[in-house]
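As structure tokens, the structure follows; a few thoughts come after it.
Just so we're clear, the structure is a prediction, and the values are computed from it rather than from any experiment. Along the sequence shown, residues carry numbers from 1.
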Amino acid sequence: MPLVTRFFIRSGLLYLIAALLTGLLLAGQFALRLPPWVTTLTPVYFHLFLVGWVTQLIIGVAYWMFPKWSRTRPRGSTLLAWGCYVLLNLGLLLRVVAEPLQSTRPSVGLGWTIVLAALLQWLGGVAFVLNTWSRVKER
């Protein structure tokens, strides 16, 4: 299993735990009388679950298991794969911090931080598609 695949899958597992913990906080916010800012974690929950867990698991397994690109570079560009990993994770972590802050203390700067986070995630997705497109082929 390639190193970048292990990073994607292990990071995804950590994000799964973080998403489930966030979901637990959201579910227990009223019964446990948690502070009102806990409600701002709803978008964080969805991003941790969908981008952090599901997307990274899919990308990690696809990078590992899809048909070979060539004999010399069976999985395409390692640089693009690592670029995808870094961009997705930077964007995700930036969103995890900026989204709740923007909900509690709205500002233009935080709004642009969320735009930057989304752009980083999009670029990570583009890196994945560029690296994977030619591996999707007939037998």
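The cluster map of Ile, Leu, Val, Met, Phe, Trp and Tyr, joined by side-chain heavy atoms under 4.5 Å apart, puts Val86 and Leu120 in the same cluster. Linking Ile, Leu, Val, Met, Phe, Trp and Tyr whenever their side-chain heavy atoms come within less than 4.5 Å leaves Leu26 and Leu50 in two separate clusters. Note on Leu93 and Trp82: same hydrophobic cluster, where clusters join Ile, Leu, Val, Met, Phe, Trp and Tyr whose side-chain heavy atoms are under 4.5 Å apart, directly or indirectly. Note on Leu21: it does not cluster hydrophobically with Leu41, by side-chain heavy-atom contacts below 4.5 Å among ILVMFWY residues. Transitive grouping of hydrophobic side chains (ILVMFWY, heavy atoms separated by less than 4.5 Å) brings Leu80 and Leu123 into a common cluster.
Rounding to the nearest 0.5 Å gives a distance of 10.0 Å between CG of Leu3 and OG1 of Thr78. Between the CZ atom in Phe66 and the CZ atom in Arg75 there is a gap of 12.5 Å [rounded to 0.5 Å]. The CH2 atom of Trp122 sits 11.0 Å away from the CG atom of Leu87 when rounded to the nearest 0.5 Å. Rounding to the nearest 0.5 Å gives a distance of 12.5 Å between OG1 of Thr22 and NE2 of His47.
For the pair Tyr63/Thr132, no side-chain contact is recorded, criterion being any heavy-atom separation below 4.5 Å from C-beta on. Inter-residue side-chain proximity for Asn131 and Cys84 is flagged as unmet; no heavy-atom pair is nearer than 4.5 Å.
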If you look only at distance, which donor and acceptor atoms sit under 3.5 Å apart when one is on a side chain in residues 4-17 and the other is two or more places apart or in another chain?
residue : atom : partner : partner atom : Å
Thr5    : OG1  : Gly60   : O            : 3.1
Arg6    : NH1  : Met1    : O            : 2.7
Ser11   : OG   : Phe7    : O            : 2.8
Ser11   : OG   : Tyr85   : OH           : 2.5
Tyr15   : OH   : Asn89   : OD1          : 2.8

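Each of Leu94, Leu92, Leu90, Thr55 was compared with Gln121 under the side-chain contact (heavy atoms from CB on, under 4.5 Å) criterion, and only Leu92 meets it. Each of Val38, Thr42, Leu110, Val44 was scored for a side-chain contact (heavy atoms from CB on, under 4.5 Å) with Pro100, with one residue passing: Val44.
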Task: Trp53 and Leu48: CA distance, side-chain angles, deciding distance, side chain to side chain contact (heavy atoms under 4.5 Å, CB included) verdict - done: CA-CA 6 Å; Trp53 162 238; Leu48 286 171; over 6 Å; no
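Listed by chain and number, the residues in a side chain to side chain contact (heavy atoms under 4.5 Å, CB included) with Ile114 are Arg95, Ala98, Glu99, Gln102 (sequence neighbours excluded).
Here the shortest heavy-atom pairing between Trp64 and Pro2 reads CD1-CD, 3.4 Å.
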